[in-house]
Peer 1: 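There's a structure below that I have some questions on.
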Amino acid sequence: MWNQLRPVSSRPAKRAALGLLLCAALSVQGAYAASGSEQAAGFFEDARGRFARNDVAGTIIQARNAIQKDAGLLAAHLLLGKALLKDGQAAAAEAEFEIALQQGASLADVAQPYGMALMMFGNSEKLLARIRPDGLAPAVRAEVLALRATAYADQGDMKAAFRAVDAAREADPRSLAPLRAEIDLSLRSRDNARAGKALATALGLAPLDPQLLHLKGAMLQSGGDAAGAMTYFAKALQADPRLVDTMVARASLLIDLKRPEEAMPDLQRAAALTQREPRVAYLKSLVFAARGDTKASRVELEAVTRLVDELPEAFIARQPPLLMLGGLASYATGRAERARSLLELYVLRMPGDPAGRKLLANIYLASGDTARVADLLDPLLRSGDADPQVLTTLAALKMQQRRFREAAEALDAAARATGANPGITAQMGFAHIGNQQGDLGLAALRRAFDKEPGQLNVASALATLYLRRGDIRNAQQIADALVRRLPGEALAHNLLGAVKAASRQPVEARVAYAQAVALNATFAPAQLNLARLDVADGQLDAARQRLVALLGQNPRNVQALTELARVEVRAGRDGEALTLLEKARALDARDMPAGLELLALQQRLNKPAAALALARRLVVDRPEDPAVLEALGRAHLAVGERSGARAAFATLGRLAGSDAERLVAIGQLQLAAGAANDAGVNAEKALAAKPGLLPALILQVEAEVLAGNLPRADSLQRALAARTRKGAEALRLAGDIALARQLPREAAQAYRAAFDKAPSARLALLGFSAAFRAGEGDKSMAMLESWLRAHPGDVLVQAALAEGHLRLGRLPAARSAYEALLAREPQNGAAANNLAQVLLRQNDSGALAMAERAARLAPEDANALDTLGWTRARSGALDIALTTLREARVRAPDSRDIRYHLAWVLHRSGKKDEARSELAGALKGTGEFESEADAQALRRELGV
């Protein structure tokens with residue numbers, strides 16, 4: 001498929017005549033160059049056949065063989081994920097679906113199986129963040145909504161859970177998934193009437209379904225009907241003898257009925273089926289305890305502890321005995337972190353148990369983690385008997401909640417009780433700063449530091465605050481005082497170096513950093529700062545050597561990996577930088593600098609799907625970080641998801657406050673996302689903050705044009721023209737308004753007038769687009785050529801010139817232009833793809849090699865894959881063409897041209913049923929369809 005290189009609004013030339021051009025025999029040189037791809041295609045087709053025959057084990061083997069030959073084979077990752085899920089390997093399936101999404105798979109193809117894998121592994125938070133029902137087919141939408149219902153319930157939001165169930169049943173009234181979810185939720189909520197009604201409906205649809213029979217038994221058990229529960233558990237196991245949940249439920253019921261020996265057979269069978277089931281180990285410990293075998297019971301309890309450590313919280317949250325037992329065992333063996341996580345879940349399930357609260361409070365206080373202790377502190381605070389430790393713990397909690405005023409009040413009370421302890425005074429200073437009381441905060445920090453100059457964190461904060469205020473003298477005083485107090489402390493010298501660097505004294509900064517390294521050769525911050533100085537001096541080799549040595553000391557240093565990646569980017573070694581940043585992310589997924597650096601690199605390397613997936617993960621950790629939100633919005637735009645971009649930019653605008661320049665910049669992003677009203681609001685907010693701000697006035701007009709309010713846009717544009725004496729921007733806006741009124745000739749004239757006043761690439765491109773829409777494309781070429789004569793390195797305009805030649809049918813000129821563009825930008829995959837299209841039209845034997853180059857440069861680009869697959873197909877290499885076009889189809893499921901190409905190859909490969917299905921999808925689709933005439937001919941041939 002054709003790639004438009006740049007954001008020019010005109011359509012590229014049609015390819016309806018390509019079929020005739022391609023009838024001539026093309027050279028097959030290079031078609032079979034990638035023997036590994038051919039083998040991958042063979043393995044994949046075999047795997048698909050096995051999956052259709054329910055040969056899960058064989059599918060897994062052959063899909064892995066395909067991936068081993070071609071790791072980028074997206075369809076194979078999808079198939080492997082589905083097979084692993086069917087085999088019960090949830091974690092492995094999840095990993096494959098992650099890879100598929102990162103490589104550009106459509107969420108519609110992955111949503112249901114990926115959601116199942118996440119829920120099997122208990123990852124409700126990730127499911128809610130990643131698997132959304134929007135745009136899915138009714139049957140898949142129902143299953144996804146049912147999964148989300150369970151996830152909401154696992155997180156304690158039962159209202160949202162039932163809303164999701166209702167939406168699922170509305171999406172597909174005959175789906176069992178929402179009914180199963182409704183039964184489970186109703187039982188949790190003790191709404192037996194609703195559970196019974198849903199279960200009756202489900203059994204009416206599938207009376208022999210083993211899971212429904214199990215649910216019936218569980219419902220009877222919860223209602224006290226032990227005999228009825230036993231009957232249905234037996235029916236469920238008769239329908240599916242491998243149903244472990246039913247074995248565990250029946251064994252638990254037998255133990256409750258004081259019949260532990262009868263429970264053991266079920267437990268042994270369950271243990272034989274799954275060796276990693278903590279419920280089985282726990283129930284066996286009860287059976288052994290009932291026998292009086294304490295040693296055997298202890299062994300099983302230790303097994304519980306080990307197994308609980310491996311289970312997701314969402315699963316164990318439903319089993320308080322396991323939580324308490326695992327928490328006690330972990331705490332007794334010195335694993336406080338694990339004990340804390342288990343006991344947090346226990347307290348959520350058993351909030352009235354004082355023992356759980358007390359143990360958890362002790363763990364929190366011992367570890368200094370105050371993020372989740374509000375419920376534990378409230379009783380103490382209400383009693384009026386809060387000591388300084390409780391007050392400082394409360395303050396830390398309030399600080400993390402960004403409730404800085406309350407934190408300062410608590411710390412003030414603690415300071416009075418302790419005689420102005422310098423540590424507490426310093427914390428009070430931080431609270432004042434967080435409360436936007438900079439002067440009070442600075443004063444408190446200074447008092448704390450003067451009383452105890454050895455507080456490194458206080459000195460660092462003070463020096464930073466002084467530097468932000470441009471107060472070099474006081475920042476220097478703090479750093480010097482710290483060095484005098486702690487002359488043997490590397491941190492002190494590192495701070496002094498930071499002050500020197502900030503005050504533009506690089507030589508003195510290097511001396512201070514070197515002293516820090518001399519005091520502690522493994523002190524990473526100083527080494528990183530020295531590397532940054534090397535980069536600033538243009539000494540990339542020196543920086544690289546320093547960072548490599550630092551990583552030799554600690555290969556897991558995420559900051560060092562990130563800095564080394566920046567060095568490699570500066571050196572033009574993007575591949576090495578990508579590897580380093582991916583390793584940094586693997587080591588610490590919450591490190592924001594590494595994440596943002598990787599995101600920027602992925603976008604530059606034309607990996608939009610991977611960039612969006614990463615941006616979504618980053619925003620989960622930092623939902624109100626402006627840099628992350630902007631990156632998320634841009635990533636959404638890169639893949640055409642404008643609704644996601646609008647949401648991110650709306651939050652960004654809210655966080656901008658009254659910063660006029662920032663509001664205008666966000667408004668421009670909102671225009672790109674089609675959010676006209678939001679952009680207009682930001683323009684008005686910017687003008688309220690800075691009346692008459694020219695960029696805000698321009699944004700106002702642009703927002704009205706986008707919203708279709710052309711009379712108001714006219715009025716604002718005329719006022720702007722009068723104010724700027726018909727400046728270039730006013731003329732450009734007149735062109736925008738004319739274009740919105742479907743007057744491309746007038747628009748082209750306005751853009752040309754603006755270009756004559758203030759030449760720019762943007763105006764040249766706008767004039768080019770409008771002229772082609774007016775049927776006068778040849779008149780716009782001179783403007784592009786004029787700009788390029790003055791700015792020969794402008795690849796945007798160079799790409800437009802190449803496109804213009806192609807659209808005008810000037811194939812030799814188009815070829816020369818694209819070749820020149822590739823000579824300047826050898827990594828430009830879109831240019832290579834478009835050049836391949838030109839070569840196809842010229843019946844040039846080099847078309848295939850160029851298409852292969854485009855696919856190598858942009859392996860995730862569906863257009864490039866389509867061009868390559870189609871070229872291979874018309875060269876006669878049907879097998880490898882089929883694999884390539886399947887990849888393109890997965891990455892762009894709505895592309896009518898890709899589906900037609902795939903249908904053509906399937907037909908020629910003898911897969912007529914699948915060909916008919918793909919062709920029907922292409923013909924029924926909406927949007928541009930360049931191959932429609934050829935598709936109709938194929939329809940008649942196939943009898944669709």
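The first residue in the sequence is number 1, and the count goes up from there.
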Peer 1: Would a 4.5 Å heavy-atom cut-off, applied to side chains only, mark L699 and L671 as touching?
Peer 2: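 When only atoms from C-beta onward are counted, L671 and L699 do touch, with a gap below 4.5 Å.
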Peer 1: Quick one, T562 and L581 - any side-chain contact, counting heavy atoms below 4.5 Å?
Peer 2: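 Heavy-atom side-chain distance check passes, below 4.5 Å.
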Peer 1: CG/L857 to CG/L822 distance, rounded to the nearest 0.5 angstrom?
Peer 2: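 Reported to 0.5 Å precision, the distance equals 8.0 Å.
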Peer 1: Would you indicate whether the side-chain heavy atoms of D714 and R718 approach each other to under 4.5 Å?
Peer 2: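 They are in side-chain contact.
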Peer 1: At their closest point, which heavy atom of M783 faces which heavy atom of L763, and how far apart are they?
Peer 2: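 Scanning both residues completely, I find the closest heavy atoms to be CE-O, 4.3 Å.
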Peer 1: Taking side-chain contact (heavy atoms from CB on, under 4.5 Å) as the test, write out the residues that go with A577, two or more places apart.
Peer 2: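 Scan of A577 (side-chain contact (heavy atoms from CB on, under 4.5 Å), adjacent residues dropped) gives A565, E568, V569, L601.
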Peer 1: Check whether any side-chain heavy atom of K685 lies under 4.5 Å from a side-chain heavy atom of I666, and answer yes or no.
Peer 2: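 Sidechains of I666 and K685: no contact.
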Peer 1: List the atom pairs, with distances to 0.1 Å, where a side-chain N or O of residues 719-736 and a protein N or O form a donor-acceptor pair under 3.5 Å, not counting sequence neighbours.
Peer 2:
{"from": "R723", "atom 1": "NH2", "to": "G692", "atom 2": "O", "distance (Å)": "2.9"}
{"from": "T724", "atom 1": "OG1", "to": "L720", "atom 2": "O", "distance (Å)": "2.8"}
{"from": "T724", "atom 1": "OG1", "to": "G727", "atom 2": "N", "distance (Å)": "3.3"}
{"from": "E729", "atom 1": "OE1", "to": "R732", "atom 2": "NH2", "distance (Å)": "2.8"}
{"from": "R732", "atom 1": "NH1", "to": "E702", "atom 2": "OE2", "distance (Å)": "2.8"}
{"from": "R732", "atom 1": "NH1", "to": "D736", "atom 2": "OD2", "distance (Å)": "2.8"}
{"from": "R732", "atom 1": "NH2", "to": "E702", "atom 2": "OE2", "distance (Å)": "2.9"}
{"from": "D736", "atom 1": "OD1", "to": "Y751", "atom 2": "OH", "distance (Å)": "2.5"}

Peer 1: Please list all pairs meeting salt bridge (charged side-chain N to carboxylate O under 4.0 Å, His left out) that have one or both residues in residues 638-655, counting only residues at least two apart or in different chains.
Peer 2: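 Every salt bridge (charged side-chain N to carboxylate O under 4.0 Å, His left out) pair that includes a residue of residues 638-655, provided the two are not neighbours, is R616-E641, E624-R654.
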Peer 1: Give a yes or no on whether the backbone of L136 and the side-chain of R141 come within a donor-acceptor separation of less than 3.5 Å.
Peer 2: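 Side chain of R141 to backbone of L136, a donor-acceptor pair under 3.5 Å: no, none is there.
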Peer 1: With sequence neighbours excluded, give me every side-chain hydrogen bond (donor to acceptor under 3.5 Å, both in side chains) pair touching residues 669-684.
Peer 2: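 As it turns out, the side-chain hydrogen bond (donor to acceptor under 3.5 Å, both in side chains) pairs with a partner in residues 669-684, which skip direct neighbours, are Q670-N682.
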Peer 1: Do side-chain atoms of R889 reach the backbone of R899 as a donor and acceptor pair under 3.5 angstrom?
Peer 2: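 Side chain of R889 to backbone of R899, a donor-acceptor pair under 3.5 Å: no, none is there.
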Peer 1: Hey, does the Lys NZ or Arg CZ of R130 hover above the aromatic six-ring of Y114, less than 6.0 Å from the centre and inside 45° of the axis?
Peer 2: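 Negative - R130 is either too far from the ring of Y114 or too far off its axis.
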Peer 1: Hey, could you give me the CZ/CZ distance between R762 and F755, rounded to the nearest 0.5 Å?
Peer 2: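 These two atoms lie 14.0 Å from each other.
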Peer 1: With the side chain counted from C-beta on, respond yes when V795 and L821 share a heavy-atom pair under 4.5 Å apart, and no when they do not.
Peer 2: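 With C-beta onward as the side chain, the pair touches.
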Peer 1: So which atom in A892 and which in A862 form the shortest heavy-atom distance, rounded to 0.1 Å?
Peer 2: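 Minimum heavy-atom separation between A892 and A862: CB-CB, 3.5 Å.
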Peer 1: Assess whether side chain to side chain contact (heavy atoms under 4.5 Å, CB included) is satisfied between E860 and Q602, documenting all intermediate values.
Peer 2: CA-CA 11 Å; E860 297 180 3; Q602 287 173 333; over 6 Å; no
Peer 1: If you measure from CG on L765 to OG on S760, what distance do you get to the nearest 0.5 Å?
Peer 2: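 Result: 8.5 Å between the selected atoms.
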Peer 1: Under the ring-ring contact (aromatic ring centres under 6.0 Å, His included) test, which residues partner Y900, sequence neighbours left out?
Peer 2: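 ring-ring contact (aromatic ring centres under 6.0 Å, His included) list for Y900, sorted by chain: W870.
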Peer 1: Measuring from atom CZ of R622 to atom CZ of R590, what distance do you get when rounded to the nearest 0.5 angstrom?
Peer 2: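 Rounded to the nearest 0.5 Å, the CZ-CZ separation comes to 9.0 Å.
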Peer 1: Taking all non-hydrogen atoms of both residues into account, name the closest pair between A802 and A817 and its distance.
Peer 2: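 Smallest heavy-atom distance, with atoms named: CB-CB, 3.4 Å.
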Peer 1: Would you say that L147 contacts I131 through its side chain, given a criterion of any heavy-atom pair below 4.5 Å between the two side chains?
Peer 2: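 No, their side chains stay 4.5 Å or more apart.
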Peer 1: Roughly how far, to the nearest 0.5 Å, is NE2 of H636 from OG of S643?
Peer 2: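 Reported to 0.5 Å precision, the distance equals 7.5 Å.
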Peer 1: What pair of heavy atoms forms the shortest contact from A589 to D621, and how long is it?
Peer 2: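 Nearest heavy atoms, A589 then D621: O-OD2, 3.8 Å.
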Peer 1: Given L687 and Q700, is the side chain to side chain contact (heavy atoms under 4.5 Å, CB included) satisfied, shown in steps?
Peer 2: CA-CA 10 Å; L687 288 169; Q700 239 186 345; 3.6 Å; yes
Peer 1: With a 3.5 Å distance limit and no angle check, can you tell me whether S769 reaches the backbone of L766 through a side-chain donor-acceptor pair?
Peer 2: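 Here the side-chain-to-backbone pair does not exist.
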Peer 1: Restricting to non-hydrogen atoms, name the atom on P138 and the atom on D172 that form the minimum distance, rounded to 0.1 Å.
Peer 2: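 Shortest heavy-atom contact: O-CB, 3.9 Å.
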Peer 1: With sequence neighbours left out, write down each residue that passes side-chain hydrogen bond (donor to acceptor under 3.5 Å, both in side chains) with D756, or none if nothing qualifies.
Peer 2: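 Residues passing side-chain hydrogen bond (donor to acceptor under 3.5 Å, both in side chains) with D756: R752.
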Peer 1: First locate atom CD of Q102, then atom CD of E582, and finally report the distance between them rounded to the nearest 0.5 Å.
Peer 2: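 Spacing of CD (Q102) from CD (E582) equals 8.5 Å.
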Peer 1: If you apply the rule side chain to side chain contact (heavy atoms under 4.5 Å, CB included), what do you find for L923 with F929, and how did you get there?
Peer 2: CA-CA 9 Å; L923 292 170; F929 192 12; 4.1 Å; yes
Peer 1: List in chain and number order the residues that pass side-chain contact (heavy atoms from CB on, under 4.5 Å) with E661, two or more places apart in sequence or in another chain; answer none if no residue qualifies.
Peer 2: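 Checked E661 against side-chain contact (heavy atoms from CB on, under 4.5 Å); matches are D659, K690, L693.
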Peer 1: For A615, which residues count as a side-chain contact (heavy atoms from CB on, under 4.5 Å) partner, sequence neighbours excluded?
Peer 2: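 side-chain contact (heavy atoms from CB on, under 4.5 Å) list for A615, sorted by chain: L599, L632, A635.
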Peer 1: Among residues at least two apart in sequence or on other chains, which ones pass side-chain contact (heavy atoms from CB on, under 4.5 Å) with A627?
Peer 2: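 With neighbours one apart ignored, the set is L596, D625.
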Peer 1: I need the full list of salt bridge (charged side-chain N to carboxylate O under 4.0 Å, His left out) pairs touching residues 627-640, with sequence neighbours left out, sorted by first then second residue.
Peer 2: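 Every pair satisfying salt bridge (charged side-chain N to carboxylate O under 4.0 Å, His left out) with a residue in residues 627-640: E630-R634, E630-R662.
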Peer 1: Return each pair, listed once, that meets salt bridge (charged side-chain N to carboxylate O under 4.0 Å, His left out) where at least one residue sits in residues 778-799; pairs must be two or more places apart or across chains.
Peer 2: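 Sorted result for residues 778-799: E776-K779.
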Peer 1: Filter on salt bridge (charged side-chain N to carboxylate O under 4.0 Å, His left out), then keep only pairs touching residues 592-610, sequence neighbours left out; what's left?
Peer 2: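 Sorted result for residues 592-610: R566-E597, D574-R604.
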Peer 1: Sub-3.5 Å donor-acceptor pair from the side chain of N709 to the main-chain atoms of E704, do we have one?
Peer 2: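 Judged by distance alone, no pair lies under 3.5 Å.
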Peer 1: Donor-acceptor pair, distance only, cut-off 3.5 Å: does the side chain of T867 make one with the backbone of N863?
Peer 2: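 Indeed, once roles are kept as given, a pair shorter than 3.5 Å links the two residues.
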Peer 1: Would you name the heavy atoms of L784 and A764 that are closest together and state the gap between them?
Peer 2: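 So the two residues come closest at CD2-O, 3.7 Å.
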Peer 1: Do the side chains of H805 and V838 get nearer than 4.5 Å, heavy atoms only?
Peer 2: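 Of all side-chain heavy-atom pairs linking H805 with V838, none is under 4.5 Å.
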Peer 1: Check step by step if side chain to side chain contact (heavy atoms under 4.5 Å, CB included) holds for N834 and E803.
Peer 2: CA-CA 9 Å; N834 289 352; E803 181 185 334; over 6 Å; no
Peer 1: Should R617 and R585 count as side-chain neighbours, where that means a heavy-atom distance under 4.5 Å?
Peer 2: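 Contact flag for R617/R585 side chains = yes.
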